[in-house]
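Here is how names work: the chains are called A, B, and so on, in the same order as the sequence lines, proteins then strands, and each is numbered from 1.
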Number of protein chains: 2
Amino acid sequence: MPSKAAEDYLKHIFLLHQRAQEDLVPMGDLAESMGVVPGTATSMVKKLNAARLVNYEAYSGVKLTAKGRRIALQVLRRHRIIETLLVKTFGLDWSEVHDEAEQLEHTISDRLLERIDVFLGHPTTDPHGDPIPSAQGQLPKSSPRRLSDCSQGEKVTICRIVDQDQDFLRFIEQHGLKPGSQVQIDVIDEAGDSIRILPERKKPLIMGSHAARKLLVESSG
Amino acid sequence: MPSKAAEDYLKHIFLLHQRAQEDLVPMGDLAESMGVVPGTATSMVKKLNAARLVNYEAYSGVKLTAKGRRIALQVLRRHRIIETLLVKTFGLDWSEVHDEAEQLEHTISDRLLERIDVFLGHPTTDPHGDPIPSAQGQLPKSSPRRLSDCSQGEKVTICRIVDQDQDFLRFIEQHGLKPGSQVQIDVIDEAGDSIRILPERKKPLIMGSHAARKLLVESSG
DNA sequence: GAAAATATTTTGACTCGTCAAAATATAGAG
DNA sequence: CTCTATATTTTGACGAGTCAAAATATTTTC
């Protein structure tokens, strides 16, 4: 039974690995993601390594073992089901549920979680569009692209926001964007490092390419 | 901001005080209720005392300050609203939600709690029949008696089960009893220290007077 | 009212997760 | 290939909450 903190490290390692496509997650990235000082990450990872939840190579990085991955996916499942509950059932705003879910994901029992899952009708994605792993730890596959990789004129559907930063979420939301929103790529300004998009029935907006990397999209129709 | 543990101590002090009707709660009772060794309770209570959440007299006991009481009632509110949610909305059994709520009561934000309260339609009692303090910390008054204090032949309605012990709750439930159940006092056996009651449409059951003290009732009709 | 039983507090130690800062390893620039 | 910059690990410390066991206070019993 890993502690809450251990669960959290496993989850962060999983997500960083997924985002970066690198085999090993560097300690620095993990520490930053966890909001701790690097030394703290090292000492925790050494414990996880001793518990055979990760494979850790000093000075190169860390990756999950099969067992660690299983736990990470369970935590992710909790997190995303809880977020769905908070938004769908209790009407909280999808841009503000992350921190709450972060806490609850380590508190709710398996028994209750499955009841909530039933109550929600076995949702497959959370309010950010992120896929919910199954109870058996299967992660539905999808192949979205970054908004920043799209070409001018393309019409796409936003499917995920790959960032939990409050300010960014608020920015996105204030422009009426959410998973499912259709947008057209209006102008790509290479020199200005920005992209202009046209949401349906909303004002056009311009964002930097760095921000555009955080929006995952699929071709619409 | 008291820690989770501190909140828990305050809640236990409140409940013990309420049940025992004594001015001061003895350290031993508190330690037992919290499931810790007596020395642990002492050291925690000293911290609470320093934070002016309790008044602590060495070797005699502890009681809540106004501030401590306010927090205790908030925690109790959380606890009971959460229990109500788990039973009413997610269909968990009312005899098994206590431990889960015990965890969640320290995890859920005020914001979410109020949303849940609205979702549930501002309930005034939890599934055990315990009153839910208002958001302002007002505890609805009621004047129930103990089942053990009733007289033979009386017809009463169970309104509260004053005990969170798993086995006792299961025992009660297996006989089809819950808050709202009507029962008639069949036989009071002074010598045998037991009481025999007749639930509606159920088999009669016999319980010791000690158990009967844990059931609070009101005269029916 | 003294001795025995019980309750409470004190002391010292432990685990967990953390930080600050020193030590060390690796990567990059010239 | 060496020197500097950056990343990582080590070390020593801390606060929270706990326990075990010794010390002390209170209550009960005779």
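Distances shown here put every side-chain N or O of B:Thr40 at or beyond 4.0 Å from the OP1 or OP2 atom of D:dT18. Contact check, A:Tyr9 against C:dC16: no side-chain N or O comes under 4.0 Å of OP1 or OP2.
Residue A:Glu105 forms a side-chain hydrogen bond (donor to acceptor under 3.5 Å, both in side chains) with just one option from A:Arg78, A:His79, A:Lys4, and that option is A:His79.
For the contact set between residues 23-31 of chain B and DNA chain C, defined by any heavy atom under 4.0 Å, the members are B:Pro26, B:Met27, B:Gly28.
Across the protein-nucleic acid pair, A:Lys47 atom NZ and C:dC16 atom P stand 6 Å apart, rounded to whole Å.
Nearer the 5' end of DNA chain C, as judged by each residue's closest nucleotide, is the contact made by B:Lys46, out of A:Met44 and B:Lys46. When each of B:Thr42 and A:Gly35 is assigned the nucleotide of DNA chain C bearing its nearest heavy atom, the one mapping closer to the 5' terminus is B:Thr42.
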Using a cutoff of under 3.5 Å, can you pull out all pairs of nitrogen or oxygen atoms linking the protein to nucleotides 22-27 of chain C, with atom names and distances?
from	atom 1	to	atom 2	distance (Å)
C:dA25	O4'	A:Tyr59	OH	3.4

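Cation-pi check for A:Lys214 over A:Phe168 is met; the charged atom lies under 6.0 angstrom from the ring centroid and within 45 degrees of its normal.
Between the side chain of A:Ser43 and the backbone N or O of A:Thr40, at least one donor-acceptor pair lies under 3.5 Å. Side-chain N or O atoms of A:His122 include none that pairs as donor or acceptor with a backbone N or O of A:Val118 at under 3.5 Å. One N or O on the side chain of A:Glu96 and one on the backbone of A:Asp93 form a donor-acceptor pair closer than 3.5 Å. Put simply, the side chain of B:Arg115 gets close to the backbone of A:Phe90: a donor and an acceptor are under 3.5 Å apart.
If you check every strand for non-hydrogen atoms under 4.0 Å, B:Ser3 touches sugar and phosphate atoms only.
Other residues, nucleotides and ligands place more than 12 heavy atoms under 6.0 Å from the CZ atom of B:Arg80.
Annotation: side chain of B:Ile172 is in contact with side chain of B:Leu215 (closest heavy-atom distance under 4.5 Å).
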